[in-house]
Number of protein chains: 2
Amino acid sequence: MTNQGEDILKNSALSVTASRKRILDIFLAADNALAHQDIETKCAEQYDRVTIYRTLQTFLEKGIIHNIPSTDNMVRYALCNEACITSGHHHDNHVHFKCDDCGKTVCLDDVNIPAVNLPKGYTMKEINMVVNGICKSCK
Amino acid sequence: MTNQGEDILKNSALSVTASRKRILDIFLAADNALAHQDIETKCAEQYDRVTIYRTLQTFLEKGIIHNIPSTDNMVRYALCNEACITSGHHHDNHVHFKCDDCGKTVCLDDVNIPAVNLPKGYTMKEINMVVNGICKSCK
DNA sequence: TTAAGAATGCAACTTTGTTGCAAAAGTATT
DNA sequence: AATACTTTTGCAACAAAGTTGCATTCTTAA
Ligand SMILES: [Mn+2]
Ligand SMILES: [Mn+2]
Ligand SMILES: [Zn+2]
Ligand SMILES: [Zn+2]
């Protein structure tokens, strides 16, 4: 009987602590991307706000989670797939969707970001695509 | 001798005030997208922080500026083209580029966001694409 | 078991964003 | 040009978000 969160931490060469396991479990149980605030709501009585900030930062750097840009000053985070975790850097080239109705942001893992041609002189490192609209639960 | 900012305000049925003209001038003079903070730096001694927040909000609603999502909790704003201003809603379907070196975010007005197919049940309202990398000034 | 290193909690602080309200400025009308 | 009406602004007070240093606690590996 092995714990999925614990495995992820070990594979990323991170020490296994209660707060990290808890935060990973929250992500593993979530069906949508989470803002710092969401996580705080779920475990503020257990763990300090600062710890949550630092944990998210660590997870980002290790390729355990990726962040999703937004115009509402609420960066959201979602678990990466195996490829990011094992390679230690990000391969998240899928589209994200934010529902204007329920407010949830989800990874559309099967929808790849289409290629785009930049003007001469620009070099692409990362690309993000976020679509707003109505999700399938809200339509 | 007519003032460009003043024209924009009148066309948007906004009253012409000193702070609005000043903030529009800042945008008109800028070659990159601006965060609230950038604007505050340029005119905090003249105008109150709250006024800047409210002005940006008003400009957004009127289709004078559009906002650009980010993962750094610094939403940036840029002037819209004529189409948004005259129609009163947004038609900004161009790609944005944020340089990892100089930190500047720019509108790539000539680069259209490519079409993307969403899974069944999702309806698209808006779409945003932000590319990170090295800009032509920094390469 | 222990020693070294890493992570956490706490406090204090800075920055960012919001709200209500009175004063000031802008607009339309006479 | 003066007026009345409406909108915008500045200020104050506040709430929320994010950062930093440091002492304590926890993890890990020897
Ligand atoms: Mn994702
Ligand atoms: Mn733009
Ligand atoms: Zn929804
Ligand atoms: Zn650059």
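Throughout, a chain's letter reflects where its sequence line sits, starting with A, and its residues are numbered from 1.
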When you check every protein heavy atom under 4.0 Å of nucleotides 16-24 of chain C, what one-letter string (B, S, -) results, 5' to 3'? SBBBB----

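- Under the 4.0 Å criterion applied to side-chain N and carboxylate O atoms, B:D72 and B:R76 are assigned as salt-bridge partners.
- Between the C1' atom of D:dA17 and the CG atom of A:L56 lies a distance of 13 Å, rounded to the nearest Å.
- Rounded to the nearest 0.5 Å, atoms CD (A:Q4) and CG (A:L28) are 4.5 Å apart.
- Per the geometry, CD1 belonging to A:I52 stands 17 Å off P belonging to C:dA7, to the nearest Å.
- Taking atom CG on B:D72 and atom P on C:dT15, their separation rounds to 17 Å, with Å as the unit.
- The distance from atom CG of B:L9 to atom P of C:dA25 is 18 Å, rounded to the nearest whole Å.
- Here CG of B:L79 is found 6.5 Å from CG of B:L24. Values are rounded to the nearest 0.5 Å.
- Protein atom CG of A:D38 is 15 Å distant from nucleotide atom C1' of D:dA16, rounded to whole Å.
- No path of Ile, Leu, Val, Met, Phe, Trp and Tyr side chains, each step under 4.5 Å between heavy atoms, connects A:V111 with A:V130, placing them in separate hydrophobic clusters.
- Between A:Y53 and A:H36, the ring planes lie parallel to each other; the angle is under 30°, not in the 30° to 60° tilted range.
- Atom CG of B:N117 is surrounded by 12 or fewer heavy atoms from other residues, nucleotides or ligands within 6.0 Å.
- A salt bridge does not link B:K139 with B:D101: none of the charged nitrogens is closer than 4.0 Å to a carboxylate oxygen.
- Looking only at side-chain heavy atoms (C-beta outward), B:R49 and B:E40 come within less than 4.5 Å of each other.
- The aromatic ring centres of B:Y122 and A:F97 sit less than 6.0 Å apart.
- At a threshold of 4.5 Å between non-hydrogen side-chain atoms, the residues B:Y47 and B:I23 do not count as touching.
- For A:K62 and C:dA6, the NZ to C1' distance is 12 Å, given to the nearest whole Å.
- Protein atom CG of A:D48 is 17 Å distant from nucleotide atom P of D:dT24, rounded to whole Å.
- Proximity of A:Q37 to A:K42: side-chain heavy atoms (C-beta onward) are nowhere separated by under 4.5 Å.
- Less than 4.0 Å separates DNA chain D from at least one heavy atom of each of the following residues of residues 11-27 of chain B: B:S15, B:T17, B:S19, B:R20.
- Here the P atom of nucleotide D:dG18 and the CG atom of A:L60 are 13 Å apart, to the nearest Å.
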Close N/O contacts between protein and nucleotides 28-30 of chain C (under 3.5 Å):
none

